[in-house]
Protein chains: 2
Amino acid sequence: MRPTVHDIASRAGVSLATVDRVLNRRPGVSARTREKVDQAVHELGFVRDVAAANLAKGRTYPLTFIIPSNDNSFMRGLRVALDEARVRAGVERIAIRLVDVPAFDAAALAMALRAAAAAEPAGIAFVAVDAPEVAAAAAEIVAAGIPLVTLVSDLSGAERDHYAGIDNAAAGRTAASLLGRFSGGGKGKVAVLAGSMLVRDHRERCEAFAAVMAQDFARLSVLPVLEGRDDPAVVEQMVSGLFSGLEEIVALYSLGAGNRGLVKALERVPARLRPVVVAHELTETTRGALQAGLIDAVLNQDAGHEVRSAIRVLKAKADGLSVVAAQERIRIDIFLKDNLP
Amino acid sequence: MRPTVHDIASRAGVSLATVDRVLNRRPGVSARTREKVDQAVHELGFVRDVAAANLAKGRTYPLTFIIPSNDNSFMRGLRVALDEARVRAGVERIAIRLVDVPAFDAAALAMALRAAAAAEPAGIAFVAVDAPEVAAAAAEIVAAGIPLVTLVSDLSGAERDHYAGIDNAAAGRTAASLLGRFSGGGKGKVAVLAGSMLVRDHRERCEAFAAVMAQDFARLSVLPVLEGRDDPAVVEQMVSGLFSGLEEIVALYSLGAGNRGLVKALERVPARLRPVVVAHELTETTRGALQAGLIDAVLNQDAGHEVRSAIRVLKAKADGLSVVAAQERIRIDIFLKDNLP
DNA sequence: CTGTTAGCGCCTTCAA
DNA sequence: TTGAAGGCGCTAACAG
C-alpha cells in the first residue's frame, strides 16, 4: 500500500494539517518541523495522490488557448481538437478558454498573452509568433509562475515551459529527401511556398529544406521562397504564375497552409508537366490531392495530439509533476496515398 | 457544477446508498425505484466521477500482459515499455502482471489466456497468434466480461475489444511505394524478407506489398519471399546469397525482425550494387544503417504508445467508459535519416 | 506555529 | 428493499 498523509504525520510526529502545509509549501511551519516532515516523506517514498487532492480542493484547471484567427484547415482542425477536449473537460477537471488573435501579429499576441495571464489561469498555451515583444510577454508569464506552452510554432529562447509541436527542421529535411528521391535523377527547379517567414516553424522548415537540397540534391536548384500568407487565393495565383513561366519546375514544397489554392492550380497544370509535390497538413484538400496523385506526400502534425499533449503538460506543470517525455513528443506523420488513416 | 450523487438522491427522493446500488447495477432495488433513479441520472446528465469512485473503492486495476518470449529488439522494447508503465503504476492505480509464452505457439497462448483470466484481472492484453484455439480462448474471456486487447498482432474475427497495433496492410503498401519511387525508373528484381508467413502481421504486410508492386511498379519484379525466422544469422546468410547471385536486385523489403543480419550482409555489398532498402522497427541497428545509408527508410511502431494505449483502453473498458478513438490509433512512423528522433 | 474537524464525491458495511 | 453512517487521501477553515 502506498503511504498516505497519515503515515507521514505519525512518522513525523505532527498533525495532518502540518503535513499538508509542508507538502503544499504553505507558510507557517518552523524550519525544524518542515525538516521532520520532509524526512518522513523521503523515507516513506510518499507521493501525493493527485486525484484525491483535486477532489478535496474541488479543483478545476482553467486553461487558456490563444489561437490565430486564421481561416485555414489546419487552424480549424486545431479548434475542432479544442472542442473535443472541451467535451471531456468535466472528467478531466479542466475549463478551456479560447482566445483569438490576428494571425502573424506579434503586438496583438503579446497583448493577448498579458490579458490571459491577468486572469490567472492554471496554464496558457499559444501559437507563437517569434518576435521580441512576444518573448517579453512570455517571460513575464513564466516569471509569474504560470505554466506556459507553445503550440505548433515555437518561440526562440527559453521563455516557455514546453513546446507542443513537431521538429520543423526535421520536417523540412524530410520533405527535401522525399522530393529529391521522388523526382528521379534529372535536373530542374524546385519551388518553395511558405506562409510567412515571420513564424518560426515556416522559417525552420524552409532553411532545413534548402540545406538538404543543397547538400544531397545539387542537381535541383531551389527557387526563391514565395510567401502566400497561408491564403488559398494568394497561393493559387502564385502557383499558377510558376507554371505559366518558362522555367521547368520539377518539384514543389508547400510548407505552409492554403493548400486549397495550391491544388486548384495544380489541377490546371498539364499532366506531363506536373511536379513532384510535398505539402504539409492532412486536410480534406490534401487527402484528395494525395489520392488523385496531385500531391505525392503530406507531412502532418496531429492537432488532436498537440492539444491533448499541451493539456497534459499544463496540468502536470500546474501540479509540479513531471511528464512522460516520449509521450509528449509530437511526431511528424508522413502520409502517402497508401497509408491514409 | 457537475451533478453529484447527492443531487440524484434528492431528485429521485431516495438515499445515497440506493443511488449507488442503481449506478453500479447491484441487486436489491425495486424496479420502480431503479427507474426513478435512472430518470434523475438522465435528466441531470449525471456522470460519475471515476477518480472519486476509485478513491472510495481503493481500487487498483490488475492488468495482465501476455508477451512472447522472443528475443528480438522489438519484443525487448515492448518489455521496456511495460517496465516504464510499471513505474507509473502507483499513480495510475494499475498493477501490471507480465506473462511469458513461447513464441508462435497457439496452444500455449490459449492456455496462458485461460490461466490469466482465472485470476480475474481488470483486463488482459496479449500479442495474438492467429489461430482457432486462441480465438476460442479469447471468446471465452470476452464472454466472461473481462476487457481484452490484442497487442501488435491481431486476431481474426471480433473476439476482442480492441487492437493496439498498426495497420499492417497499410505498412506493406507504404513500403512498396517508397521502394518503388526511391529506386528510380529502371527495371530489376525486388527481394522480400519475412520472419514467418505463419504470423498474421507479416502475411498482411507481404500481401499488401506485393499488390502495390504489381499495380504501380510493374517494371520491378518481386522475388519469392524469403523466411528468415527473425533470426539474424539466418537472415545474414540469405541476404548474402541474394547478392552473390547473378540477378540484379535493386530493392529489398525486410518486413520482419533480425535486421542485424541484414545490415551485416548489406555492409559487404559493393556500394554500386546496393539496393534500396526498407525495413521495419527502429532499433539501434536500423538507426545506424539509416544514418550510414544502408537502409533508406524504416517503418516503425512505437511500443511505448502501444502499451500506453492498451492500458488506457483496458481501464476505460473496465469502467465502461468510451475511449478517444483518434488517440488510440497506433501510427506507422516512417523514418528517413532526416527525421530520426 | 500547530492541531482539530469537517468535508470533496463516491462506496460499503451494518441496521432497519 | 431501503437508509444512515463512516471512510478513501487530501485540503481548508477555524481554533488554540
Side-chain angles (χ1 to χ4, degrees), chain A residues 1-38 40-41 44-61 89-95 122 315 318-321, chain B residues 1-38 40-41 44-61 89-93 122 315 318-321:
Chain A
M1 229 24 205
R2 284 167 59 189
T4 75
V5 278
H6 289 95
D7 302 322
I8 303 298
S10 65
R11 173 85 169 211
V14 298
S15 75
L16 286 181
T18 300
V19 171
D20 188 64
R21 282 190 267 264
V22 175
L23 288 179
N24 294 290
R25 308 178 189 303
R26 261 180 279 117
V29 185
S30 74
R32 242 185 61 63
T33 310
R34 179 177 303 274
E35 230 168 68
K36 280 193 299 187
V37 173
D38 280 336
V41 166
L44 268 45
F46 170 83
V47 184
R48 106 145 140 318
D49 184 331
V50 181
N54 284 341
L55 174 59
K57 282 195 282 214
R59 159 155 214 186
T60 61
Y61 301 75
V91 198
E92 306 205 349
R93 304 187 104 86
I94 56 177
K315 280 179 74 172
D319 291 331
L321 296 175
Chain B
M1 230 24 204
R2 284 168 59 191
T4 75
V5 278
H6 288 95
D7 302 322
I8 304 296
S10 65
R11 173 87 169 207
V14 298
S15 75
L16 288 178
T18 299
V19 171
D20 188 67
R21 282 189 267 264
V22 175
L23 289 179
N24 294 290
R25 310 177 188 303
R26 262 179 281 118
V29 185
S30 74
R32 243 186 59 65
T33 309
R34 181 178 302 275
E35 230 167 67
K36 280 193 300 186
V37 173
D38 280 336
V41 166
L44 269 46
F46 171 83
V47 184
R48 103 145 142 317
D49 182 333
V50 180
N54 284 342
L55 173 59
K57 281 195 284 215
R59 162 156 212 186
T60 61
Y61 301 76
V91 196
E92 307 205 349
R93 304 188 103 87
K315 281 180 75 172
D319 291 330
L321 295 177

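It should be emphasised that the depicted structure is a prediction, and the values quoted were computed from it without experimental measurement. By convention in this document, chain letters (A, B, ...) are assigned in the order of the sequence lines, proteins followed by strands, and residues within each chain are numbered from 1.
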Rounding to a whole Å, what distance do you find between [X]:[atom1] and [N]:[atom2]?
X: A/L23; N: D/dT11; atom1: CG; atom2: C1'; result: 11 Å
X: A/R26; N: D/dT11; atom1: CZ; atom2: C1'; result: 7 Å
X: B/D49; N: D/dG9; atom1: CG; atom2: P; result: 16 Å
X: A/K57; N: D/dA13; atom1: NZ; atom2: P; result: 12 Å
X: A/I8; N: D/dT11; atom1: CD1; atom2: C1'; result: 16 Å
X: A/D7; N: D/dG9; atom1: CG; atom2: C1'; result: 10 Å
X: B/L16; N: D/dG7; atom1: CG; atom2: P; result: 16 Å

*Closest heavy-atom contact between B/R11 and B/A40?*
CG-CB, 3.6 Å
*asked:* Restricting to non-hydrogen atoms, name the atom on A/A122 and the atom on A/A318 that form the minimum distance, rounded to 0.1 Å.
replied: O-CB, 3.9 Å
*Return the nearest nucleotide to the side chain of B/S15; candidates are D/dC8, D/dT11, D/dA4.*
D/dA4
*Check the pair A/D319 / A/R59 against salt bridge (charged side-chain N to carboxylate O under 4.0 Å, His left out), numbers first and verdict last.*
CA-CA 11 Å; A/D319 291 331; A/R59 159 155 214 186; 3.7 Å; yes
*Any cation-pi pair here, B/R48 with B/F46, using under 6.0 Å and within 45°?*
no
Could you tell me whether the side chain of [Y] reaches within less than 4.5 Å of the side chain of [X], counting heavy atoms only?
X: A/R34; Y: A/R21; result: no
X: A/V91; Y: B/V50; result: no
X: A/H6; Y: A/V19; result: no
X: B/K36; Y: B/V22; result: no
X: A/T33; Y: A/V14; result: yes

*Walking along DNA chain C from 5' to 3', note the first and the last nucleotide with an atom under 4.0 Å from a heavy atom of chain A, and give both.*
C/dC1 to C/dG9
*Tell me, yes or no, whether the heavy-atom count around B/R26 atom CZ, taken from other residues, nucleotides or ligands under 6.0 Å, exceeds 12.*
yes
Please work out if [X] contacts a base, only the sugar-phosphate, or nothing of the nucleic acid, heavy-atom cut-off 4.0 Å.
X: A/N54; value: nothing
X: B/R32; value: nothing
X: B/D20; value: base
X: A/V19; value: nothing
X: A/R21; value: base
X: B/A53; value: sugar-phosphate
X: A/G28; value: base

*B/S30 side chain near D/dT1 phosphate (N/O to OP1/OP2, under 4.0 Å)*: no
*At under 4.0 Å, does any side-chain N or O of B/T33 touch on OP1 or OP2 of D/dT2?*
yes
*Whichever of B/A52 and B/A17 has its nearest DNA chain C nucleotide further upstream toward 5'*: B/A52
*Terminal axis angle for the helix from C/dC1-D/dG16 to C/dA16-D/dT1, five pairs an end, nearest 10 degrees*: 40°
*How do B/V14 and A/A56 order along DNA chain D: which one's closest nucleotide is nearer the 5' end?*
B/V14
